[in-house]
There are 2 protein chains.
Amino acid sequence: MRARRATINDVADAAGLSRGTVSRVVNGEKYVSAEARMAVEAAIAQVGYVRNTAARNLVTQESRAIGLIIHEPHSLLFEDPNIGSILLGANEALSKADYQLVTLIIDSDRDSRRVADHLRGGLIDGAVIVSARASDPIAAAVADIGLPAAFVGHPDGTPDLPYAAIDNVEAARAITSRLLGTGRQRVGMIASALDRDSGQDRLAGFRAAMGERYDPRLVVEYPLYTYAAGFEGMQKLLRRDPSIDGVFAASDAVAAGAMTALQEAGRRVPEDVGIVGFDDSSWALRCRPQLSTVRQPAGLLGTTAAELVLAQLMGLPSSPRVLETVVMWRGSA
Amino acid sequence: MRARRATINDVADAAGLSRGTVSRVVNGEKYVSAEARMAVEAAIAQVGYVRNTAARNLVTQESRAIGLIIHEPHSLLFEDPNIGSILLGANEALSKADYQLVTLIIDSDRDSRRVADHLRGGLIDGAVIVSARASDPIAAAVADIGLPAAFVGHPDGTPDLPYAAIDNVEAARAITSRLLGTGRQRVGMIASALDRDSGQDRLAGFRAAMGERYDPRLVVEYPLYTYAAGFEGMQKLLRRDPSIDGVFAASDAVAAGAMTALQEAGRRVPEDVGIVGFDDSSWALRCRPQLSTVRQPAGLLGTTAAELVLAQLMGLPSSPRVLETVVMWRGSA
DNA sequence: GTGGTTTCTGGGAGCGTTCACAGAGCGTTC
DNA sequence: GAACGCTCTGTGAACGCTCCCAGAAACCAC
């Protein structure tokens with residue numbers, strides 16, 4: 001296969017010094033004479049040495065890498081704009097601390113096993129788990145190994161690990177109230193992803209805001225936060241009650257689909273029907289009229305979760321963090 | 001920190017057998033008695049042994065992991081639906097071959113250095129490089145190390161590595177011709193991402209199809225394949241020539257932005273202006289009317305690039321692969 | 001019984017590092 | 001001039017695993 005790579009011994013020989021000295025130079029330690037340092041650097045260049053990280057990890061017992069585990073069904077990887085932001089946010093925090101972010105995607109049971117092996121194998125010092133479902137086996141595996149880890153979100157039934165999340169219940173309650181405040185009489189919801197905490201909580205918040213006025217017939221459910229769910233869901237709601245005049249969609253993508261369905265049905269937004277979403281993703285500004293929605297600090301969620309892992313790595317206590325959301329009021333309601 | 005993990009020796013002691021036998025059991029080799037196998041398995045469960053991958057990699061000189069390097073500006077990670085598909089496609093191929101996909105994102109110069117270290121350090125047996133720009137330093141680094149690698153796409157000025165790509169020139173030429181075939185007289189283009197091969201080639205294909213009718217005043221350029229670029233670009237084209245009746249947008253996201261701009265300007269699509277895109281991403285079906293576009297097999301590109309790397313790993317020759325595109329003709333032109 | 005093959009097990013060597021320690025050299029202080 | 005402290009360097013011993021060889025044990029055939 002590949003030609004044998006130069007080792008620290010080759011460098012030592014070429015420089016006429018010992019292994020130890022080379023190691024000290026490579027790691028930038030003190031107690032190396034200027035002379036020796038230069039000789040080593042020349043030798044490194046000469047033999048083309050690069051340090052073998054696997055060997056280093058073996059003795060230092062750490063890898064300076066953090067895994068970010070994405071466990072999403074196929075389609076959502078494209079539809080959900082939050083994932084990209086979370087990824088970049090986490091990368092930023094880790095990069096600053098000089099840790100390498102390693103993203104592992106789980107797309108099949110086979111992946112699940114291999115990723116678990118990867119985690120256990122000592123190739124990773126900690127993990128950020130994104131979008132775990134309730135009772136996710138990979139989350140259990142992480143806890144089992146005792147790997148420092150943190151969730152983005154905090155599904156039920158998962159081990160007691162710190163998390164970075166928003167208060168979906170409160171945020172959903174807030175925007176629904178605001179929608180009701182525009183004088184709507186018949187308000188429905190297109191709920192999604194009830195197999196995870198965000199979906200459940202947004203529904204709970206909607207319910208709380210509606211109080212007496214809550215009518216289960218005006219709630220439809222879909223498995224994923226997608227445009228298609230919003231489109232179909234809105235059509236179904238219109239069929240169930242043509243007098244509907246307000247909708248809370250569980251995400252911006254869902255809201256966008258709902259808006260298209262409304263407009264195709266000849267309803268004006270916001271005059272006839274007011275519509276609000278959730279996420280403040282790029283969808284929100286792209287809709288006509290622009291979407292009133294809840295801003296979710298996706299990048300910050302990633303950053304925070306990464307910091308929670310780093311804290312554990314440094315032996316500091318780390319506890320859950322709930323981040324603020326804000327209602328962005330625009331033209332759709 | 002974490003409690004010391006059980007090693008292969010602990011298992012050997014617990015089972016009353018030797019290191020060698022335990023290793024044979026763990027790796028599923030033959031020449032182990034049923035008796036010994038059972039004893040080892042019991043001991044593994046008892047002491048909670050998991051193999052240390054770093055140590056294993058050190059001696060076997062391989063990691064069974066392939067890196068996928070994403071070097072994208074911030075915003076594109078959300079806008080470009082191809083990246084998700086490429087990721088999943090690559091993961092599928094690697095998963096089958098029992099390799100772990102490790103995604104590394106580059107978002108700053110600091111990342112660039114760290115990723116290069118990661119590649120060099122022996123933590124990865126090969127790499128798939130997505131969306132490298134012309135003369136990308138990381139691509140050069142990969143070639144320099146001699147790591148088996150493949151590109152998705154094939155930017156100019158990058159080292160001589162195999163790639164999986166589509167023929168952007170031909171595909172752009174084909175869909176532009178089709179657009180011209182609907183009898184349009186004044187056809188423009190919203191070009192994007194001219195710093196990479198795909199952007200350049202789509203423009204070249206457009207130009208080839210236009211032939212005599214090519215008018216540089218009807219081409220606008222934007223740095224990224226975004227909705228916003230399409231929106232602004234279309235407005236600019238309308239100002240330059242209100243009689244414009246056809247547009248080729250460099251991607252579906254761009255086309256979607258252009259369509260919104262057209263509709264806001266009171267033009268009917270496709271009656272007044274025909275519009276075609278590129279990618280056949282989820283954008284295409286979401287537009288009203290649905291977009292005529294070029295289907296780009298994004299998942300297959302990822303799969304193919306991964307296979308090119310695997311082939312190199314097995315010592316087989318691997319040469320560039322150009323995949324087929326097909327024109328999807330819908331309602332927008 | 002002898003010789004040969006096959007199955008199974010143990011343990012030394014080595015993968016490329018870091019770490020801890022020993023010791024050399026040199027200057028400073030009492 | 002002895003004692004002490006710094007700076008600098010070399011080396012043995014790990015880290016946890018796989019590989020390979022030697023040899024024991026079991027079986028078969030003559």
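The chains referred to below are lettered A, B, ... by the order of the sequence lines, with proteins before strands, and numbering in each begins at 1. Quick note: numbers below take in every heavy atom, side chains included, and nothing from hydrogens, waters or symmetry partners.
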Salt bridge B:D117-B:R114, side-chain N to carboxylate O under 4.0 Å: no
For B:I8 and C:dA13, what is the distance between atoms CD1 and C1' respectively, to the nearest whole Å? 15 Å
Using a 4.0 Å heavy-atom cut-off across all strands, classify A:N57 as base, sugar-phosphate, or nothing. nothing
Within the distance-only criterion (no hydrogens, no angle test), does the side chain of A:D13 pair as donor or acceptor with the backbone N or O of A:D10 below 3.5 angstrom? no
Interatomic distance where CE belongs to B:M38 and P belongs to C:dC8 [whole Å]: 15 Å
For A:I66, is there any backbone N or O sitting under 3.5 Å from a side-chain donor or acceptor partner on A:D125? no
Rounded off to whole Å, could you give me the CG-to-C1' distance for the B:N9 and C:dG11 pair? 11 Å
Secondary-structure stems for DNA chain C, with pairs counted as Watson-Crick or G-U when both distances are under 3.5 Å and runs at least 3 long: C:1-30 with D:1-30
Residue-phosphate contact under 4.0 Å: A:Q61 side-chain N/O, C:dT18 OP1/OP2: no
When the distance from CZ of B:R120 to P of C:dG16 is rounded to whole Å, what number comes out? 18 Å
From CZ of B:R56 across to C1' of C:dC15 the rounded distance in Å is 13 Å
Distance-only donor-acceptor pairs under 3.5 Å for side chains of residues 301-308 of chain B, two or more places apart:
unit_1	atom_1	unit_2	atom_2	d
B:T303	OG1	B:G89	O	3.1
B:T303	OG1	B:G299	O	3.0
B:T304	OG1	B:L300	O	2.6

With sugar-phosphate meaning primed atoms plus P, OP1 and OP2, does B:V25 contact a base, only sugar-phosphate, or nothing at under 4.0 Å between heavy atoms? nothing
Is the backbone N or O of A:A54 less than 3.5 Å from a side-chain atom of A:N57, with the two atoms forming a donor-acceptor pair by type? no
In whole angstrom, give the distance that lies between atom CD of B:E62 and atom P of D:dT18. 12 Å
Output yes when a side-chain donor or acceptor of A:S23 lies under 3.5 Å from a complementary backbone atom of A:R19, and no otherwise. no
Check this for me: B:E35, atom CD, are more than 12 non-hydrogen atoms of other residues, nucleotides or ligands nearer than 6.0 Å? no
So, is A:T60 close to the C:dT18 phosphate, meaning a side-chain N or O under 4.0 Å from OP1 or OP2? no
Looking at the side chain of B:N52, which of D:dT18, D:dC17, C:dT18 is the nearest nucleotide? D:dC17
Treating B:R120 as the side-chain partner and B:I145 as the backbone partner, does any N or O pair qualify as donor plus acceptor under 3.5 Å? no
To the nearest 0.5 Å, atom CG of B:L104 lies from atom CG of A:N91 at 9.5 Å
Both A:R51 and B:G20 contact DNA chain C. Taking the nearest nucleotide for each, which residue is further toward the 5' end? B:G20
Starting at CG of A:N27 and ending at P of C:dG16, how long is that distance when rounded to a whole Å? 17 Å
Do A:R19 side-chain and C:dT18 base share a donor-acceptor contact under 3.5 Å? yes
Measure the distance from CD on B:E29 to P on C:dT7 and round it to the nearest whole Å. 15 Å
Please list, pair by pair, any protein nitrogen or oxygen found under 3.5 Å from a nitrogen or oxygen in nucleotides 4-9 of chain D.
unit_1	atom_1	unit_2	atom_2	d
D:dT7	OP2	A:Y31	OH	2.6
D:dT9	OP1	A:S33	OG	2.8
D:dT9	OP2	A:S33	N	3.1

Once rounded to the nearest 0.5 Å, what's the spacing between atom CG of B:L88 and atom OG of B:S85? 7.0 Å
